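All remarks here apply to the structure that follows.
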Amino acid sequence: MTTEPPSHLAEALRRRRWLISAWPWRALAYLVTTVPIAGFLAVGLLIIGAPMLPVFSTLRQHGRPPSIALMLFLITGSVILVALAPLLSFAVAAVERWRVRLVDNRPLPSSPWPGLAARYRSPATWREVAYLFWLGGFTPVAYWVFLVLVLLDLGMISSPWLAGDADPVVIWRPIETTSEAVPYAILAVLLLPVLCYAAGLLAAVQAAVARWALAHPVDAAALREVTRSRTRLVGAYEAERRRIERDLHDGAQPRLTSLTLQLGLARLDVPEDSPAARPLAVAHDQARGLMVMLRQLVHGIRPQSLTDLGLAGAVRELADAATIPVTVHADLHDELPEIVETTAYFVVSEALGNVARHARAARADVRLTRAGGDLVVEVTDDGHGGADPARGTGLTGLADRVAAVDGRLLLSSPPGGPTLVRVELPCRR
């Protein structure tokens, strides 16, 4: 069985072959490109925060408040900072959403300019502002600590060549001879993989914070559960079952009966030692078994691809057949109940069909994960949004199917997009 490649740095760090993969270089590129952005923001915070030092000094030494002029300056500076931060954070967030692809293959949705007033009212804006202060405040400190560790390790590696100079090399204690420096150099070489993992961990933490702050959390007011009446669900199921039974009884069954009768009469007319006797007997038996097969199909239709490929493979087959590019992320390690697999398959099939018919989307993403005891299916597209269960039967039909296995379907589709269909299916056996 082939192992699916990791989709982000945090997942890649848990793989044994991380050091010999491309991920360390991607992490290094992410860290290096962070330096100018974090440095610029750190300088800006220092310029703004420097006038606050006299305030703290005055309070500590004299115990009296600072002058009115300084207080006015600080208040004015704070107002300007609050006014400009949402505007600056919009540009920084756009760069960070693009840059995080270096260590995370899961794309972050773009954020179009919502208008000046809406920019200040949106909760997502202030998450981006918080990320701005985190990037300019905490990140430089963490990078300086990591840089000191790297320089210390490089100093230990080069200590055997530097120990013969006039001045002793100082690490934890003065080193004057090459023989004293060799153990430190060996230790430093052994610590290089540790520093490599530390760099990856630093980049993974920063990317996780960026994803948390910039991923446009689903508005709780827009995420509404699509519930359907159990009574109507049972009634619709019974009506559909009776329709199938009627079609079988009035359509397929008479034809199969007639076919079976004709084959039986043909067998009577053909001698048993005739070359045609054996094929006729086989056809007769197959015709009689066909009705049994049709009745079994009524109780539960399961696509053959699910049996052959499993849920992840069957969904990828659906993605390959879609009319737009569809990316599938599957993190499924445990066996799923058959009814859950079947429901999840039809959910993805119907959701991708809705995307193709109505969303005017350029691409879609399908994610299959386990959360506790549930299978979580998420289908996201970058279309125009505005999906409403009240305007059609597609989403309500999905909700019916999901409710039949005690699951729930949730929808977020604000005007302008993106649209998220999330289905949670309990996996009780």
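Heads up: numbering here begins at 1 and tracks the sequence. Bear in mind the structure is a predicted one, so any value in this text is a computation, not a measurement.
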Problem - Ring centres under 6.0 angstrom apart (Tyr131, Trp212) - result: no

Exercise for the section: First locate atom OG1 of Thr33, then atom CH2 of Trp98, and finally report the distance between them rounded to the nearest 0.5 Å. Expected result: 7.5 Å

Fill in the blank from the handout: Taking every heavy atom of Ala27 against every heavy atom of Val103, the minimum-distance pair comes out as CA-CG1, 3.8 Å

Problem - Least distance between heavy atoms, Ala322 atom then Val326 atom - result: CB-CG2, 3.7 Å

Practice task
Could you walk me through whether Leu375 and Leu332 pass side chain to side chain contact (heavy atoms under 4.5 Å, CB included), step by step?
Solution key: CA-CA 9 Å; Leu375 170 67; Leu332 303 175; 3.6 Å; yes

Completion exercise
d(Leu398 CG, Thr343 OG1) to nearest 0.5 Å is 10.5 Å

Exercise for the section: Please report the closest heavy-atom contact between His358 and His384, naming both atoms and the distance. Expected result: O-NE2, 2.8 Å

Practice task
Would you confirm whether Thr34, through its side chain, and Tyr30, through its main-chain N or O, come within 3.5 Å as a donor-acceptor pair?
Solution key: yes

Problem - Salt bridge flag under 4.0 Å for residues Asp104 and Arg211 - result: yes

Problem - Pairwise side-chain contact, Glu128 with Leu214, heavy-atom cut-off 4.5 Å (strictly under) - result: yes

Fill in the blank from the handout: Here the gap from Arg367 atom CZ to Leu420 atom CG, rounded to the nearest 0.5 Å, amounts to 11.0 Å

Problem - Considering all heavy atoms, the nearest Val379-Leu352 contact - result: CG1-CD2, 4.1 Å

Practice task
Could you go through the side chain to side chain contact (heavy atoms under 4.5 Å, CB included) check for Thr342 and Tyr345 one step at a time?
Solution key: CA-CA 5 Å; Thr342 304; Tyr345 176 88; 5.7 Å; no

Exercise for the section: Kindly indicate, with the supporting measurements, whether the criterion side chain to side chain contact (heavy atoms under 4.5 Å, CB included) is fulfilled by Leu368 and Asp331. Expected result: CA-CA 6 Å; Leu368 306 171; Asp331 186 12; over 6 Å; no

Fill in the blank from the handout: dist Leu132:CG -> Leu88:CG (nearest 0.5 Å) comes out at 5.0 Å

Completion exercise
By ring-ring contact (aromatic ring centres under 6.0 Å, His included), Phe40 pairs with (sequence neighbours left out) none

Problem - Greater than 12 external heavy atoms within 6.0 Å of Phe138's CZ - result: no

Practice task
Can you sort out the partners of Arg363 under salt bridge (Lys or Arg N to Asp or Glu O under 4.0 Å), two or more places apart, ordered by chain and number?
Solution key: Asp365

Under 3.5 Å, which donor-acceptor pairs link side chains of residues 148-156 to any protein atom two or more places apart or in another chain?
none

Exercise for the section: Rounded to the nearest 0.5 Å, what's the gap from CZ on Arg316 to CG on Leu311? Could you check? Expected result: 9.5 Å

Handout entry: For Val355 against Ala361, the heavy-atom pair lying closest together
Key = CG1-CB, 3.9 Å

Practice task
Compare all side-chain heavy atoms of Val423 with those of Arg408 and state whether any distance is below 4.5 angstrom.
Solution key: no

Exercise for the section: Could you tell me whether Glu96 and Arg101 have a side-chain N and a carboxylate O separated by less than 4.0 Å? Expected result: no

Exercise for the section: Answer yes or no on whether Arg26 is positioned over the face of Trp23, meaning its NZ or CZ is under 6.0 Å from the six-membered ring centre and within 45° of the axis. Expected result: yes

Handout entry: Gln206 versus Tyr143, side-chain donor and acceptor atoms under 3.5 Å
Key = yes

Practice task
Compare every heavy atom of Ser89 with every heavy atom of Thr125, then report the nearest pair and how far apart it is.
Solution key: O-OG, 4.3 Å

Handout entry: N/O donor-acceptor pair under 3.5 Å between Asp381 side chain and Gly383 backbone
Key = yes

Handout entry: Inter-residue atom distance Glu378.CD - Leu410.CG, 0.5 Å rounding
Key = 10.0 Å

Problem - side chain to side chain contact (heavy atoms under 4.5 Å, CB included) assessment of Thr419 paired with Thr380 - result: CA-CA 6 Å; Thr419 296; Thr380 309; over 6 Å; no

Practice task
Could you check if a side-chain atom of Pro24 sits within less than 4.5 angstrom of a side-chain atom of Tyr197, using non-hydrogen atoms only?
Solution key: no

Exercise for the section: Report yes if the side chains of Leu87 and Tyr120 come closer than 4.5 Å at any heavy-atom pair, otherwise no. Expected result: yes

